[in-house]
Amino acid sequence: AFNEWYRTTTITNSVFSENNSTEGGAIFFEQLGDIILAANNFSKNLADSGGAAIHISNSKSSALLKISDCEFLENSSPSYGGAIYLTAIGNSIINKSKFNKNFGYFGGGAIFLFSSASNFEINETVFIENNSTSAGGAIYLISYANSTFIRSNFSKNFAVFGASMY
C-alpha cells in the first residue's frame, strides 16, 4: 500500500503476481498525487473489495493517473474492478496496455471507475475475454468524466449488461 500524501509515485518494469488483499490485491493507493505506471505486469492478483491489481481512492482532484505499456492478466475480484478500481481520482490515461481474462463479479471485469474526474482516456489498448456476472465485462463507468476511447480493441468480453462497456 502507498499513502504518500499527494506526492508523485512512479513504478516501472515490475511484476505483481499472485498477491491477495481486501482492497488492491497488488497495489493500494490512497491520497496520492500523480501516479505513473509503465511497463508493469499484473497477473493472478485477488482483492475482496475491488481492484485486484490496482485500487486507487481519494487522490487530489488534479492528480494524473498514467498507465502505459502494462499488462493485466487473470486478476479477479468478487466485487467491482477485476484489474483496476478507481474512485475519487483526477485525470486518468491508459496507453498501449492489455487487459486479458480479468473478472469483476458485480461490474468492470477489467476496470471500474467511480469518479467525477475531468478526463478518462484510453488509447490503443486491448480488452480481451474480461468478464462480469453483472455489468461492464471490460469497463464499468459511473462517472461525470469526459471519456475518450481511441484505437482500442474490445473482443470476447462478457457481461449481462454491456459486454464491453456499461
Side-chain angles (χ1 to χ4, degrees), residues 1 15-30 35 37 40-59 65-117 119-166:
V15 175
F16 298 87
S17 182
E18 298 183 23
N19 298 288
N20 190 342
S21 180
T22 301
E23 295 178 333
I27 298 174
F28 180 88
F29 291 113
E30 184 174 39
I35 301 165
L37 304 171
N40 298 299
N41 183 292
F42 298 87
S43 64
K44 298 182 181 179
N45 298 292
L46 303 171
D48 295 335
S49 196
I54 301 167
H55 183 117
I56 301 174
S57 63
N58 300 322
S59 291
L65 167 63
K66 185 173 183 181
I67 298 173
S68 298
D69 300 304
C70 290
E71 184 171 357
F72 299 86
L73 174 65
E74 296 179 9
N75 298 286
S76 181
S77 173
S79 182
Y80 293 94
I84 299 175
Y85 180 98
L86 305 172
T87 182
I89 188 164
N91 298 319
S92 301
I93 300 170
I94 300 175
N95 289 314
K96 298 180 180 176
S97 294
K98 297 177 184 175
F99 292 84
N100 192 5
K101 297 182 180 177
N102 298 288
F103 176 76
Y105 186 85
F106 290 119
I111 299 171
F112 175 83
L113 172 66
F114 181 73
S115 181
S116 58
N119 295 294
F120 178 70
E121 184 176 303
I122 294 182
N123 299 303
E124 299 180 36
T125 295
V126 177
F127 295 87
I128 299 172
E129 294 184 47
N130 299 286
N131 291 281
S132 171
T133 60
S134 182
I139 301 172
Y140 189 127
L141 298 173
I142 302 175
S143 175
Y144 300 105
N146 297 314
S147 300
T148 305
F149 300 88
I150 302 167
R151 292 184 299 277
S152 294
N153 179 9
F154 294 83
S155 179
K156 299 181 183 178
N157 298 292
F158 173 83
V160 174
F161 303 102
S164 290
M165 200 176 312
Y166 181 86

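- Atom CD of E121 sits about 7.0 Å away from atom CG of N95, to the nearest 0.5 Å.
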Handout entry: Verdict with supporting geometry, T125 and S97, side chain to side chain donor-acceptor pair (under 3.5 Å)
Key = CA-CA 5 Å; T125 295; S97 294; 4.9 Å; no
Exercise for the section: Show your reasoning for whether side-chain contact (heavy atoms from CB on, under 4.5 Å) applies to V160 and S134. Expected result: CA-CA 5 Å; V160 174; S134 182; 5.8 Å; no
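- No side-chain heavy atom of F28 sits under 4.5 Å from any side-chain heavy atom of T22.
- The CD1 atom of I54 sits 4.5 Å away from the CD1 atom of I84 when rounded to the nearest 0.5 Å.
- Between G137 and A159, the closest heavy-atom pair is N-CB, 3.3 Å.
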Exercise for the section: Begin with the C-alpha distance, continue with both residues' side-chain angles, and end with the deciding distance and a verdict on side-chain contact (heavy atoms from CB on, under 4.5 Å) for F72 and N130. Expected result: CA-CA 10 Å; F72 299 86; N130 299 286; over 6 Å; no
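- In terms of heavy atoms, G109 sits closest to S132 at N-CB, 4.3 Å.
- Between the N20 side chain and the E18 main chain, no donor and acceptor come within less than 3.5 Å of each other.
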Practice task
Kindly determine whether I111 and F127 satisfy side-chain contact (heavy atoms from CB on, under 4.5 Å), including the steps that lead there.
Solution key: CA-CA 10 Å; I111 299 171; F127 295 87; 3.9 Å; yes
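- The existence of a salt bridge linking E124 and R151 is confirmed by a sub-4.0 Å separation between a basic side-chain nitrogen and an acidic carboxylate oxygen.
- K44 approaches N75 most closely through the heavy-atom pair N-OD1, 3.6 Å.
- Minimum heavy-atom separation, A110 to F99: CB-CD2, 3.7 Å.
- Checking N40, I122, L37, I35 one by one against I67, the side-chain contact (heavy atoms from CB on, under 4.5 Å) holds for a single residue, L37.
- Going from atom CD1 of I142 over to atom OH of Y166 covers 8.0 Å, rounded to the nearest 0.5 Å.
- Across every non-hydrogen atom of G82 and A52, the tightest pair is O-CB, 3.0 Å.
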Practice task
Could you go through the ring-ring contact (aromatic ring centres under 6.0 Å, His included) check for Y80 and Y85 one step at a time?
Solution key: CA-CA 7 Å; Y80 293 94; Y85 180 98; 7.2 Å; no
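- The shortest non-hydrogen separation linking I139 to F154 is CD1-CE2, 3.8 Å.
- To the nearest 0.5 angstrom, S77 atom OG is 10.5 Å from F112 atom CZ.
- The NE2 atom of H55 sits 9.0 Å away from the CG atom of L86 when rounded to the nearest 0.5 Å.
- Between the side chain of S43 and the backbone N or O of S17 there is no donor-acceptor pair closer than 3.5 Å.
- F149 CZ: more than 12 foreign heavy atoms inside a 6.0 Å radius.
- Once rounded to the nearest 0.5 Å, the distance linking CD of E30 with CD1 of I56 reads 11.5 Å.
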Practice task
Please test N123 against I93 for side-chain contact (heavy atoms from CB on, under 4.5 Å), starting from the C-alpha separation and ending with a verdict.
Solution key: CA-CA 8 Å; N123 299 303; I93 300 170; 4.0 Å; yes
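- Not one N or O on the side chain of S21 forms a donor-acceptor pair closer than 3.5 Å with the backbone of A47.
- Proximity of a side-chain donor or acceptor of N19 to a complementary backbone N or O of N45 within less than 3.5 Å is not detected.
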